[in-house]
Amino acid sequence: MGFLKTRKNKRYNYTPRYYKGEGSPYELKHKFDDYRTTVNPPKGLKGKFNAAVDDYKNRDESVNKRVFIIVGVLILIFLFIIDFDLSIFFKS
């Protein structure tokens with residue numbers, strides 16, 4: 001019954017030719033994960049409250065301006081699509 005012997009799978013250890021670094025070259029990690037505060041959010045109510053206070057203290061004013069500009073443009077595009085008459089806001 002020696003002819004029913006199963007073969008073992010061959011082991012294949014591949015390392016890229018020009019890879020000179022630490023860790024796995026196939027690890028999927030985003031470029032900005034080290035700078036994000038929302039990647040690993042703190043657990044619990046106290047951690048969430050502390051994260052919200054830190055975000056409030058370290059907010060960026062240019063981001064707020066950009067958000068308001070984008071919202072304003074989107075509102076104007078929406079009003080244009082529904083054919084809203086803007087002349088009611090101006091004196092004729």
Side-chain angles (χ1 to χ4, degrees):
M1 293 293 258
F3 63 92
L4 293 178
K5 203 174 3 172
T6 59
R7 282 186 4 184
K8 284 191 171 185
N9 292 334
K10 293 181 182 178
R11 188 168 196 142
Y12 185 68
N13 293 327
Y14 173 74
T15 55
R17 180 184 287 181
Y18 300 109
Y19 179 70
K20 294 179 181 124
E22 296 179 11
S24 172
Y26 306 109
E27 179 184 1
L28 296 176
K29 184 177 179 185
H30 292 286
K31 189 185 287 187
F32 301 111
D33 276 350
D34 298 333
Y35 307 106
R36 291 183 182 149
T37 59
T38 58
V39 173
N40 295 321
K43 303 286 184 192
L45 187 62
K46 184 178 178 184
K48 290 179 184 179
F49 181 74
N50 288 338
V53 169
D54 289 340
D55 286 343
Y56 181 71
K57 286 181 182 177
N58 300 327
R59 62 182 178 184
D60 191 6
E61 295 298 327
S62 64
V63 173
N64 288 341
K65 289 179 188 176
R66 192 175 307 135
V67 168
F68 287 135
I69 290 171
I70 291 172
V71 168
V73 168
L74 289 175
I75 289 174
L76 286 175
I77 290 172
F78 173 73
L79 292 176
F80 180 74
I81 289 174
I82 65 169
D83 201 25
F84 185 75
D85 189 16
L86 292 175
S87 64
I88 62 171
F89 298 114
F90 304 112
K91 292 181 180 179
S92 350

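One-based numbering along the sequence shown.
- Partners of Leu45 under the side-chain contact (heavy atoms from CB on, under 4.5 Å) rule, at least two apart in sequence or in another chain, do not exist in this structure.
- Grouped by direct or indirect side-chain proximity (heavy atoms under 4.5 Å, Ile/Leu/Val/Met/Phe/Trp/Tyr only), Phe68 sits alone.
- Within the hydrophobic cluster formed by Ile, Leu, Val, Met, Phe, Trp and Tyr side chains joined at under 4.5 Å, directly or through other members, Phe80 stands alone, with no partner residue.
- In this structure, Ile70 belongs to a hydrophobic cluster whose other members, linked by side-chain heavy atoms under 4.5 Å apart, are Leu74.
- For Ile82, the side-chain contact (heavy atoms from CB on, under 4.5 Å) partners are Phe78, Leu79, Phe84, not counting sequence neighbours.
- Linking ILVMFWY side-chain heavy atoms closer than 4.5 Å, directly or via other members, places Ile88 and Ile75 in a single hydrophobic cluster.
- Under the rule for a side chain to side chain donor-acceptor pair (under 3.5 Å), the partners of Asp85 that lie at least two apart in sequence or sit in another chain are Ser87.
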